2 protein chains.
Amino acid sequence: MSRNLAQADEPPVLDYETGAAMAPAEHAAELRLWLRLLTCSTMIEGEIRRRLRERFDVTLPRFDLMAQLARAPQGLTLSELSQRMMVSNGNVTGLVERLVESGHLSRRKSAHDRRSHLVALTPQGREAFRAMAVEHEAWIADFFGDLDASEIDGLMALLGKAKASTRRAVSAGIARPEEEDREDNP
Amino acid sequence: MSRNLAQADEPPVLDYETGAAMAPAEHAAELRLWLRLLTCSTMIEGEIRRRLRERFDVTLPRFDLMAQLARAPQGLTLSELSQRMMVSNGNVTGLVERLVESGHLSRRKSAHDRRSHLVALTPQGREAFRAMAVEHEAWIADFFGDLDASEIDGLMALLGKAKASTRRAVSAGIARPEEEDREDNP
DNA sequence: CCGGTTTGTTTTAAGCTTCAAATATTCAGG
DNA sequence: CCTGAATATTTGAAGCTTAAAACAAACCGG
């Protein structure tokens, strides 16, 4: 696990500087929303991590990587893996190395591009993942077990909107590589 | 950043084993919801992490720890910090060590319990955090900028329900410390 | 075809994170 | 008071993660 401003449980919202009860600040609602979102994903992620270790002696990053390969039977390059997992290239290098070592993954040179390597699940890797995926899906269903179908749909839709909004905000911040004194770009 | 089954963008949902389009499986909706929740928090967290580094040369865990102390001006013990941050004790030990080293935190022995130590922000730490918190709040507001007030409220409520549901599921899994042959417990 | 840019990967250094074991201290009964 | 259980913290090993630097190979425009 790790992570952030999330609270084990929400105490009254306090002002950062004084610790006093916060006056109706500018964006308190958004801040509270972020903390709650973070609490949810941290709790779920931590429990998945714990159960994967306990039941299968596997780490979450390795499970994630295998999950990506499970839906790409033809294999993926390291770059494709890092994009899909939203982690750095160097990170994937190490994960793949350990999973090849443990026999879950195979790795071969790409036929068309001598720079890249194709990675895929071995038969053992595929079978190990299948077993984990079955339980994993049941865990998730249990975590959201108190929500009915319409609530799940509602969450999906609102999170979809939040995702699009965040993507917009993040993109807007890129494209200006940190120079501040140039004349020839918007 | 890090993290999980989240996708850079949702491809068609595929079956784990075959990679074929997934038949209406038992709990596909819950799984998709989890992936989307994870994508949202991963995107936001990663961007916050990036901006904190870029603007203030500080890591997210350090910011989080300072945020906890900012709302507890009297100081906290290491255990209290680890509970509130939902991370391990050993993790806090290291973070505090580095933040004391950098002058942001003070640390003194507890008067009543010789085992524990009280940690608090120094004046410099408090001022540094104040500056970061101002921008941080604006970033969050921007990330959720495309959601109106009722959508934010709706998300808060649904995430609150998801949080309670997860807590219920996680609690139900505890209390049986791994023995499987006992007669005297439910 | 050449030279500059982009892309795929690895490496390194630093830091984060967990779990489990080890210490030290306090607490609760008897 | 003594002993065993609980609490607060630290340490160590292993693994995850990133950013940045370094390469190698591919691509592209002239």
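A, B, ... follow the sequence lines: proteins, then strands. Residue 1 opens every chain. All values derive from a computational prediction rather than experimental measurement.
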Ignoring hydrogens and geometry beyond distance, is a side-chain donor-acceptor pair present between His112(A) and Ser110(A) at under 3.5 Å?
no

Do Arg168(A) and Ser165(A) have a side chain donor and acceptor closer than 3.5 Å?
yes

Within less than 4.0 Å of OP1 or OP2 of [N], is there a side-chain N or O belonging to [X]?
{"X": "Thr59(B)", "N": "dC16(C)", "value": "yes"}
{"X": "Arg49(B)", "N": "dT18(D)", "value": "no"}
{"X": "Arg53(B)", "N": "dG15(C)", "value": "no"}
{"X": "Arg98(B)", "N": "dC16(C)", "value": "yes"}
{"X": "Asn91(A)", "N": "dT18(D)", "value": "yes"}
{"X": "Thr93(A)", "N": "dT10(C)", "value": "yes"}
{"X": "Arg62(A)", "N": "dC16(D)", "value": "yes"}

Between [X] ([atom1]) and [N] ([atom2]), how many Å, whole number?
{"X": "Arg50(B)", "N": "dT18(D)", "atom1": "CZ", "atom2": "P", "result": "13 Å"}
{"X": "Glu101(B)", "N": "dA14(C)", "atom1": "CD", "atom2": "P", "result": "14 Å"}
{"X": "Leu60(B)", "N": "dT17(C)", "atom1": "CG", "atom2": "C1'", "result": "13 Å"}
{"X": "Arg84(A)", "N": "dG8(C)", "atom1": "CZ", "atom2": "P", "result": "13 Å"}
{"X": "Leu95(A)", "N": "dT10(C)", "atom1": "CG", "atom2": "P", "result": "12 Å"}
{"X": "Asp57(A)", "N": "dT18(C)", "atom1": "CG", "atom2": "P", "result": "18 Å"}
{"X": "His117(B)", "N": "dT10(D)", "atom1": "NE2", "atom2": "C1'", "result": "10 Å"}
{"X": "Lys109(A)", "N": "dT9(C)", "atom1": "NZ", "atom2": "P", "result": "13 Å"}

When we call it a touch if two heavy atoms are under 4.0 Å apart, what does [X] touch: a base, just sugar-phosphate, or nothing?
{"X": "Ser79(A)", "result": "sugar-phosphate"}
{"X": "Ser116(B)", "result": "sugar-phosphate"}
{"X": "Ser110(A)", "result": "nothing"}

Apply the test salt bridge (charged side-chain N to carboxylate O under 4.0 Å, His left out) to residues Glu47(A) and Arg51(A): give CA-CA distance (whole Å), side-chain angles for both, the deciding distance (0.1 Å), then the verdict.
CA-CA 6 Å; Glu47(A) 185 66 9; Arg51(A) 293 185 187 188; 2.8 Å; yes

Side-chain ion pair, Arg98(A) and Glu101(A), N-O less than 4.0 Å
no

Does the dT7(C) base have a donor-acceptor partner in the side chain of Arg115(A) within less than 3.5 Å?
yes

Please figure out whether Glu80(B) or Asp113(A) has its closest DNA chain D nucleotide nearer the 5' end.
Glu80(B)

Against the side chain of Pro61(B), the closest entry in dC16(C), dT10(C), dT26(C) is dC16(C)

On DNA chain C, check which nucleotide each of Glu97(A) and Val92(B) is closest to and give me the residue with the more 5' one.
Glu97(A)

Run Leu81(B) and Leu69(B) through side-chain contact (heavy atoms from CB on, under 4.5 Å) and show every step you take.
CA-CA 8 Å; Leu81(B) 273 172; Leu69(B) 290 177; 4.2 Å; yes

Ring centres of Phe63(B) and Phe129(B) under 6.0 Å apart?
yes

